[in-house]
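Working notes, beginning with the structure itself.
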Number of protein chains: 2
Amino acid sequence: MTSTLGFAILAVLARGERTGYDIAAAMRRPIAYFWTAGHSQIHAELQKLLAAELVGYEARQGPGPQGKKVYHVTPEGSLALRAWVTEPPRERPERDELVLKTYASWLADPDLIRQMFTDQLAVHEARLAEYEREGELIGEPPGFGDPRFGNYAALRCGLGYERHRAEWCRWMISQLSARLNPSWELAKPSES
Amino acid sequence: MTSTLGFAILAVLARGERTGYDIAAAMRRPIAYFWTAGHSQIHAELQKLLAAELVGYEARQGPGPQGKKVYHVTPEGSLALRAWVTEPPRERPERDELVLKTYASWLADPDLIRQMFTDQLAVHEARLAEYEREGELIGEPPGFGDPRFGNYAALRCGLGYERHRAEWCRWMISQLSARLNPSWELAKPSES
DNA sequence: AATCTCATGTAAGCTGTTACATGATTTA
DNA sequence: TAAATCATGTAACAGCTTACATGAGATT
């Protein structure tokens with residue numbers, strides 16, 4: 001009934017009360033490395049969660065025309081979240097534009113494709129470095145019951161994903177270089 | 001202007017003329033491992049591509065109330081596709097329900113989570129085995145200009161992705177087992 | 001005769017993005 | 001006093017899913 005976004009919000013609120021603005025700020029860059037949402041989406045969803053009584057709020061004075069609302073998870077919300085967590089994830093179809101481009105890459109200029117993958121590799125290497133820094137901040141694996149276990153486990157997935165991506169980019173670049181410069185192989189006398 | 005789906009369709013048609021039904025059949029299970037679409041979406045998009053003169057069709061007699069339409073890429077369509085391929089991919093935000101669940105997993109019963117990851121691991125291992133079989137069918141790397149290069153490169157991405165996923169699942173399961181059974185470590189006298 | 005596959009389309013609804021709209025509080 | 005940040009919402013649109021609708025040809 002409640003959408004995945006609703007549970008994403010509950011997952012954030014389960015770590016402590018927040019305003020809609022706070023949640024939106026957290027989800028602007030992906031929460032758990034793999035979920036984003038805009039503020040307009042979040043305010044709308046909070047109203048649905050409120051109607052379903054999975055969250056409540058306390059009005060406080062603050063900036064803005066309407067003051068601010070500090071949201072928290074209700075006992076029902078906590079139950080719903082707990083139940084959702086262990087339900088098998090409904091798989092939403094993967095859609096990846098870069099792989100689609102790759103599928104059609106045989107039509108295009110290999111030089112331009114190599115450039116595209118070089119750029120892409122830089123993105124993944126930068127993210128990888130960032131994730132590794134975040135990993136060092138967490139330090140040793142937190143235990144269950146500790147919210148930071150969630151962060152840590154999600155980070156692990158992010159690290160693996162970026163490594164896989166970077167590796168694929170490097171493979172593509174090597175393929176493209178090898179084909180573009182067949183002389184490269186001959187210029188190196190060390191290879192069999 | 002044309003949507004990504006439009007280019008996905010062009011990428012399929014670039015390999016040979018197809019009916020809308022054929023394209024839908026191909027995209028029901030992900031094309032290039034990372035793009036899906038339903039038939040209703042495809043018929044609608046084909047009409048847009050037709051209006052933009054990126055594809056054309058030949059009406060032929062066949063089953064169904066309206067006969068069948070065999071689509072092909074026009075020269076303009078081919079140019080548009082070629083140009084799109086090397087444009088930097090606009091990154092659509094990653095959304096992954098399993099990682100989101102993981103982020104909230106500290107709230108739930110570790111036993112149930114371990115089960116969820118065991119199931120998930122089986123899915124990835126099955127896909128991995130399937131992809132490996134497909135890789136053997138392709139044989140040695142096709143060269144540029146060969147449409148099969150696209151398939152091969154996309155398959156490489158799929159393989160890497162499934163391996164990364166399977167590895168992460170295994171890591172999660174090991175984390176959960178270690179925490180659930182602290183006696184496990186003590187029962188094995190070989191470890192330091 | 002019934003069922004499956006081939007074949008094309010429309011409509012309703014949900015999710016997500018972008019733009020519009022307002023205004024108080026804090027900082028430079 | 002000007003700008004950035006905090007704060008909440010609405011509206012229009014694009015993309016995708018699900019259900020509805022029809023019917024010919026091939027197979028069982």
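No experiment lies behind these values; they were computed from the predicted model shown. Here is how names work: the chains are called A, B, and so on, in the same order as the sequence lines, proteins then strands, and each is numbered from 1.
Expressed to the nearest 0.5 Å, how far CD of B:Glu162 lies from CD of B:Glu167 amounts to 13.0 Å.
Applying the side-chain hydrogen bond (donor to acceptor under 3.5 Å, both in side chains) test to B:Gln120 and every residue at least two apart in sequence or in another chain returns nothing. Applying the ring pair (Phe, Tyr, Trp, His ring centres under 6.0 Å) criterion to B:Tyr103, with sequence neighbours excluded, gives no partner residue. Under the ring pair (Phe, Tyr, Trp, His ring centres under 6.0 Å) criterion, A:Trp106 pairs with no residue, sequence neighbours left out.
Rounded to whole angstrom, the span from the CZ atom of B:Arg90 across to the P atom of D:dA14 amounts to 12 Å. The CZ-C1' distance, from A:Arg60 to D:dC6, rounds to 15 Å in whole Å. Atom C1' of nucleotide D:dT18 and atom CD1 of B:Ile42 are separated by 15 Å, given to the nearest angstrom. One atom, CZ of A:Arg95, and another, P of D:dA14, lie 18 Å apart when rounded to the nearest Å. With rounding to whole Å, B:Gln47 atom CD is found 16 Å from D:dG15 atom C1'. A straight line from NE2 of A:His43 to P of D:dT10 spans 10 Å, rounded to a whole angstrom. In this structure, B:Gln66 atom CD and D:dA24 atom C1' are separated by 11 Å, rounded to whole Å. D:dC16 atom P lies 9 Å from atom CD of B:Glu45, rounded to whole Å.
Residue whose closest nucleotide on DNA chain D sits further toward the 5' end, between B:Ser3 and A:Val70: A:Val70. Heavy-atom distances to DNA chain C give each of B:Pro63 and A:Pro65 a nearest nucleotide, and the one nearer the 5′ end belongs to B:Pro63. Sequence order on DNA chain D of the closest nucleotides to B:Gly62 and B:Arg92 puts B:Arg92 first from the 5' end.
B:Arg28 places no side-chain N or O within donor-acceptor distance of the main-chain N or O of B:Thr36, the cut-off being under 3.5 Å. Using modelled atom types, one side-chain atom of B:Lys101 and one backbone atom of A:Trp84 make a donor-acceptor pair closer than 3.5 Å.
Residues B:Glu53 and B:Thr74 bring no donor and acceptor atom of their side chains to less than 3.5 Å of each other.
For residues 9-35 of chain B, the pairs satisfying ring pair (Phe, Tyr, Trp, His ring centres under 6.0 Å) are B:Tyr33-B:Tyr131, B:Phe34-B:Tyr161, with sequence neighbours left out.
Here B:Thr4 lies out of heavy-atom contact (under 4.0 Å) with every strand.
For DNA chain C, the outermost nucleotides in 5' to 3' order that have an atom under 4.0 Å from a heavy atom of chain A are C:dT15 to C:dT25.
The side chain to side chain donor-acceptor pair (under 3.5 Å) test with B:Gln115 singles out one residue from B:Thr118, B:Asp119, B:Asp111, and that residue is B:Asp119.
Within residues 5-28 of chain B, no residue has a heavy atom under 4.0 Å from DNA chain D.
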